[in-house]
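What follows is a single structure, written as structure tokens, with notes after it.
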There are 2 protein chains.
Amino acid sequence: MKTLSIKDIAVQANVSITTVSFIINGKAKEKSISEAVIEKVERIIEESGYKPNQIARSLRTGNSNIIGLIIEDISNSFFSRIARLIEDKAYKRGYKIIYSSTENNVDKAKELINMFKSRKVDAYIISPIKGIEEDINMLLTDNKPVILFDRNLPNVDTNYVGADHFNASYQSIESFIKQGKKNIALVTTDIDVQQITERYDGYKKALEDHGITYGDNLVVKIPFNQEEAATISQIKALLQSQKIDAVLFATNYLAISGLKVLKQINKQIGDDFAVIAYDDHEAFELHTPSISTVQQPLEEIAETVIKMILSQLSSKTKLENQQVIIPAKLIIRD
Amino acid sequence: MKTLSIKDIAVQANVSITTVSFIINGKAKEKSISEAVIEKVERIIEESGYKPNQIARSLRTGNSNIIGLIIEDISNSFFSRIARLIEDKAYKRGYKIIYSSTENNVDKAKELINMFKSRKVDAYIISPIKGIEEDINMLLTDNKPVILFDRNLPNVDTNYVGADHFNASYQSIESFIKQGKKNIALVTTDIDVQQITERYDGYKKALEDHGITYGDNLVVKIPFNQEEAATISQIKALLQSQKIDAVLFATNYLAISGLKVLKQINKQIGDDFAVIAYDDHEAFELHTPSISTVQQPLEEIAETVIKMILSQLSSKTKLENQQVIIPAKLIIRD
DNA sequence: GAATTAAAGTAAAACGTTTTACTAAATTCA
DNA sequence: TGAATTTAGTAAAACGTTTTACTTTAATTC
């Protein structure tokens, strides 16, 4: 069974292709097609199950009703949750999402942008990494809406939605200090993206503001794509070699590894050892004791991103760029 | 800056569009294009950064190098992990993945299939639900490769890859019984898909084979899309109203809710109360005590799925359908 | 040195839409 | 009543490729 084309419908209805096209696209009235013809064509379309070929449509119109979503890693729950929310909201407004993970690899990210470009996606939602500034700028000169989220890129002048990582991190450390902690460690990653460096800066500033000297030996930067076993031994080394009474983990997966270490070396979280994890995870609430976290407002981020995209897509003129920074919430548990 | 087309390249190189096309598609040799021309064109393409318009290409060739992946819910870690693996493997072989979540909603699932169809994806990987048999059969008559995974659909004659849910469930119950457990409950979902009913059947059969009478009062079916709070109170009711010494949770998210209940009602997992969760989750290893789980071989499933797809795509003739059932692993922790 | 074959390349159709510019008939207007 | 306008619809170009069938020139064969 060959798939139907608009031509088949036209032939069956005894009208021109143009007429069918007008009807499909709701322009029948404006193009003064008679009620009778409209009904006939619609009936035939309905009965035959004809669906317009989106590829042909895209080729002709230059847009696709597809939004490209580029994230770090779909298997990370922060991203998969936000992807789900974004997909859902986009879907309700008639857009589809294609997503793909960069794995923090510059080449892959560039390739993804190219592939989205050659597939003519209408807009881009990107959780970026350093090194793709130029590629993003090309999209902007092409007049494609681009929204960065989670992390910003200094040399790119576009829209951004993200949480206030600096303050969330600052408050986390402050809460440690209020509990009387003195030797506060930071476990972070080595990738050089704004959202991570902000967490680092917040850590440092909070210490300084409270008269605690910052020490490099209390900060460990874990390489991004490394095996978990290596991560675990780095964290173990940190905890065993230093006197530490509190740790801020800069991502949820680092915290997971950290908790495994605690289990292994039998170190208890409690009055004299505290932990906060950046980005919530199902495991944290469940953990005994449950783990305090910095919660990003996923719903709000997703909603803001989609709204920005849609207003850009529907406006003829280039809109003013917006930078939306949403406060993150420190959830102290137990 | 207008984006470049093959025509621009042809003009610049002073050759015909055809020639450029041959070169792009590696048919230059076979079509006897001279070395000199090949080099010139390739240089121009390289310098200009020209990338073929995939939309136009798809329209002409009828395929897209895109594989559609339809899953239940991308924010569930089982699916997001497998999506990542599939994406990765497909990517390495030159295919892109578009994915979308059905949320176990028949209408959405049908719409997704239609939308993939009108976008001319080359093949489909589907974790199906009841009610879309007809739609899948239409894909098959269109001669599109379709691989079902995680769960099979009785009335659809196509390829399937999944874990041996029945035996995994059976073994879980058996392991409870060997520990001397007598009152074994099952917390499952109400969706009527094969992978879930198999888990149920395994539960029932294991009880019967070991001379334990099955009781409806020990099985609770949680509605799929319900708020977690409701789930929690259902599970709480089960645990508090019955004498129960072991529970099998049929999905990881149900187990998570279950663990929250245990925490709330202060029930300890230990010698006289055991738990097994179907599908692993980061929270389980970390939990105190850590939680035994049925682990599906994600890597193997993903690899099998991709291999099937690729062999179908590269073969001219319709291949024999394959049903691959992979054993799942019961991981007893603590 | 004419006929044949090979080499190097091209023109044009086709994929399935949307959209612009057009036509023919019917209606309104003055 | 004839011109102007409205109604109802259509032909054909365009989007950017791939691919088939073709042409022209050069090389080879006998």
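Labels below follow one simple rule: chain letters A, B, ... track the order of the sequence lines, proteins then strands, and each chain is numbered from 1.
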If you compare every side-chain N and O of Y50(A) against the phosphate oxygens of dT17(C) (OP1, OP2), does one of them come in below 4.0 Å?
yes
Would you say dA7(C) has OP1 or OP2 under 4.0 Å from some side-chain N or O of S32(B)?
no
Among the candidates dT17(D), dT10(D), dT10(C), find the nucleotide nearest to the side-chain atoms of S5(B).
dT17(D)
Atom CG of N65(A) and atom P of dT17(C): how far apart are they, to the nearest Å?
15 Å
N25(A) side chain near dT18(C) phosphate (N/O to OP1/OP2, under 4.0 Å)
yes
Side chain of F22(A) (C-beta onward), nearest among dT17(C), dT18(D), dT10(D):
dT10(D)
Using whole Å, what does the distance between atom P of nucleotide dT19(D) and atom CD1 of I23(B) come to?
15 Å
Separation of dT10(C) atom C1' from K27(B) atom NZ, nearest Å, is 16 Å
Verify the contact: side-chain N or O of T61(A) to OP1 or OP2 of dT18(C), cut-off strictly under 4.0 Å; return yes or no.
no
Check whether the side chain of R60(B) and the base of dT17(D) form a donor-acceptor pair under 3.5 Å.
no
Taking atom types as they are modelled, is there a donor-acceptor pair under 3.5 Å from the base of dT17(C) to the side chain of R57(A)?
no
Would you classify I17(A) as touching base, sugar-phosphate or nothing, given that sugar-phosphate means primed atoms plus P, OP1 and OP2, and contacts are heavy atoms under 4.0 Å?
base
How many Å lie between CD1 on I55(B) and C1' on dG16(C), as a whole number?
13 Å
Taking the inter-plane angle between the rings of Y124(B) and F116(B) on a 0 to 90° scale, is it parallel (under 30°), tilted (30 to 60°) or perpendicular (over 60°)?
tilted
Over how many whole Å does the gap from K31(A) atom NZ to dT23(C) atom C1' extend?
15 Å
Rounding to an integer number of Å, can you tell me how far I38(A) CD1 sits from dA8(D) P?
10 Å
Output yes when D73(A) and R84(B) qualify as a salt bridge under the 4.0 Å nitrogen-oxygen rule, no when they do not.
yes
Is it true that R43(A) and E39(A) make a salt bridge, defined as a side-chain N closer than 4.0 Å to a carboxylate O?
no
Side chain of I6(B), heavy atoms from C-beta onward: which of dT17(C), dT17(D), dT20(C) has the nearest atom to it?
dT17(D)
K92(B)/E87(B) ion pair, N-O < 4.0 Å
no
Over how many whole Å does the gap from D8(A) atom CG to dC15(C) atom C1' extend?
13 Å
Are Y99(A) and Y99(B) close enough that their ring centers fall under 6.0 Å?
yes
Name the closest nucleotide to the V15(A) side chain, picking from dT17(D), dT19(C), dT10(D).
dT10(D)
Atom CD1 of I33(B) and atom C1' of dA7(C) are separated, to the nearest Å, by 10 Å
Check if the side chain of T18(B) and the base of dT18(D) share a donor-acceptor pair of N or O atoms closer than 3.5 Å.
no
Is any side-chain nitrogen or oxygen of T19(B) closer than 4.0 Å to OP1 or OP2 of dT10(C)?
yes
Between S34(B) and L59(B), which has a closest nucleotide on DNA chain C that is more 5'?
S34(B)
Test: K117(B) and E111(B) ion pair at under 4.0 Å:
no
